[in-house]
Colleague: 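Supplied in structure tokens, the structure appears directly below.
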Amino acid sequence: MYAFDIHRPETLGEAARLLSGNEDAKLMAGGQTLIPTLKQRLAQPSDLIDLGQVGDLKGIREEAGGLTIGAMTTHATVQFAPLVKRVIPSLADLAGHIGDAQVRNRGTLGGSIVNNDPAADYPGAVLALGATVRTNKRQIAGDSFFTGMFETALDPGEIVTAVHFPRPDSGRYMKFRNPASRYAIVGVYVAKTGGAVRVAVTGAAACAFRWTAAEQALTRSFTADALESLTVDPSDLNSDLHASAEYRAHLVKVMAKRAVAGMM
Amino acid sequence: MPITVSLSVNGRPVTKEVEGRTLLVQLLREHLGLTGTHVGCDTSQCGACVVHVDGKSVKSCTMLAAQAQGASVTTIEGLAAPDGTLHPMQAAFREHHGLQCGFCTPGMVMSAVDLLQHNPSPSETEVREWLEGNICRCTGYHNIVKAVLSCAETMKSGAKAPAAAAE
């Protein structure tokens, strides 16, 4: 790691002040991606602002029938919280399959969505559940939050404080994971609310996306068979040593069908 | 710029001056001489460095010492009772020979103790899933899993963990 100065603000305002006007400063949430990145010298921030001591960024509460989860809430907290298991069990299930137990004890919701790794799980939940991302400046619709590989709609100096997830009638996340890293090679989150169906895909492309053709097919008939005739175009999908674009395209449909079957 | 970190390690208050980039595992091993916590991969995959921070298992190679400000840390050295009586998990690993070379053992034991906090009666599958973040390159998983299951049985039948240090 290159040397940096570390700051441990106790309030959001103090964190924002430390960040403003310092292009080389970086926020740290749980650090489960950032610390390995720093170790490999792939990033060289002058200042690291640790959000770990900012108390009001943690916690889960029921709001408007859904859940509002603080940005610094760990994956393990979401996984085990009785409130999440009761209101959006598919979200607790997703959190419980991120990384490993130790990573889940440190990694956070806010860190995951702000980093926007193409293979991260939470972006799928934000899109499928129609979540809203709250920052220290505004609210951002989940549908417009993820803008590209490791890119989000956040402005410089903007800090995610919480994410609000509306409660679906039912939902299911199915992940075909890399057995070593446990990142999603392909993950598909299907959520049904009234007659509306949302299908979000992560791991397959540069950035999580909604599979609108599947949403339309499932709105007409909510069965795994309804997806049978659809095809996924591999031309925009990722191809790497883990899986070719063609294989990922195949997996998108398989995971979507399994998710729907699991909701019956 | 050096910073001061104050925390509790195995029940003892500790204050050290460290760099911003100092890892928790470096603080433990190099500043405090607690070399029971191992560094295997240094890339958050192998779990040899697992310790408890405020009662939860974490990879100490993927946490800055600065992030442990005010925390209560327990390492493998803090698990047994002060009189040397082994924690039931340590005793189970010894009884079932849950180790070969021993390098991964501290992390395995610390992870397994955290598992039983969440799930006092895990199935074999649940033990294996929980230990996904701990790699044994001797591939000695069979006896490790046996030891964890046996410890769960022992603890259910009333054997208590020694009043260890920090938790």
Colleague: If you apply the rule ring-ring contact (aromatic ring centres under 6.0 Å, His included), what do you find for A/Y122 with A/H75, and how did you get there?
Modeller: CA-CA 10 Å; A/Y122 266 126; A/H75 308 322; 5.4 Å; yes
Colleague: Report yes if the distance between the aromatic ring centroids of A/Y173 and A/H97 is under 6.0 Å, otherwise no.
Modeller: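 Distance test on ring centres: not under 6.0 Å, no.
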Colleague: Closer than 4.0 angstrom, basic N to acidic O: yes or no for B/D42 and A/K39?
Modeller: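 Salt bridge: yes.
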Colleague: Would you tabulate the side-chain donor-acceptor contacts of residues 256-264 of chain A under 3.5 Å, counting partners in other chains and residues two or more places apart, or write 'none'?
Modeller:
| unit_1 | atom_1 | unit_2 | atom_2 | d |
| --- | --- | --- | --- | --- |
| A/K257 | NZ | A/E228 | OE1 | 2.3 |

Colleague: Measure distances from A/Q40 to the heavy atoms of chain B and classify the residue's part below 4.5 Å as side chain, backbone, both or neither.
Modeller: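 When you check distances to chain B, no heavy atom of A/Q40 falls under 4.5 Å.
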Colleague: Ion pair present between B/K59 and A/D100, side-chain N to carboxylate O less than 4.0 angstrom?
Modeller: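 Salt bridge present between B/K59 and A/D100.
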Colleague: Can you tell which part of B/V58 gets under 4.5 Å to a heavy atom of chain A, answering side chain, backbone, both or neither?
Modeller: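 For B/V58, the contact with chain A is made by backbone and side chain together.
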Colleague: Could you check whether A/R41 makes a cation-pi contact with A/Y2, meaning its NZ or CZ is under 6.0 Å from the centre of the six-membered ring and within 45° of the ring axis?
Modeller: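 Judged by the rule, A/R41 and A/Y2 form a cation-pi pair.
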Colleague: Any donor and acceptor pair, going by atom type alone, linking the side chain of A/E14 with main-chain N or O of A/E10 inside 3.5 Å?
Modeller: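 Yes, the answer is positive, given that a donor and an acceptor are paired below the 3.5 Å cut-off.
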Colleague: Identify which part of B/E129 has an atom lying under 4.5 Å from any heavy atom of chain A, answering side chain, backbone, both or neither.
Modeller: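 No part of B/E129 comes within 4.5 Å of chain A.
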Colleague: When only pairs under 4.5 Å are counted, which of A/R104, A/Q102, A/M28 shares the most heavy-atom pairs with chain B?
Modeller: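 Of the options given, most contacts go to A/Q102.
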Colleague: Assign the ring pair B/H118 / A/F80 to parallel, tilted or perpendicular, where the plane angle (0 to 90°) is split at 30° and 60°.
Modeller: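 B/H118 and A/F80: parallel rings.
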Colleague: What parts of residues 132-140 of chain B touch chain A if we use heavy atoms and a cut-off under 4.5 Å?
Modeller: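 So the qualifying residues are B/E132, B/G133, B/N134.
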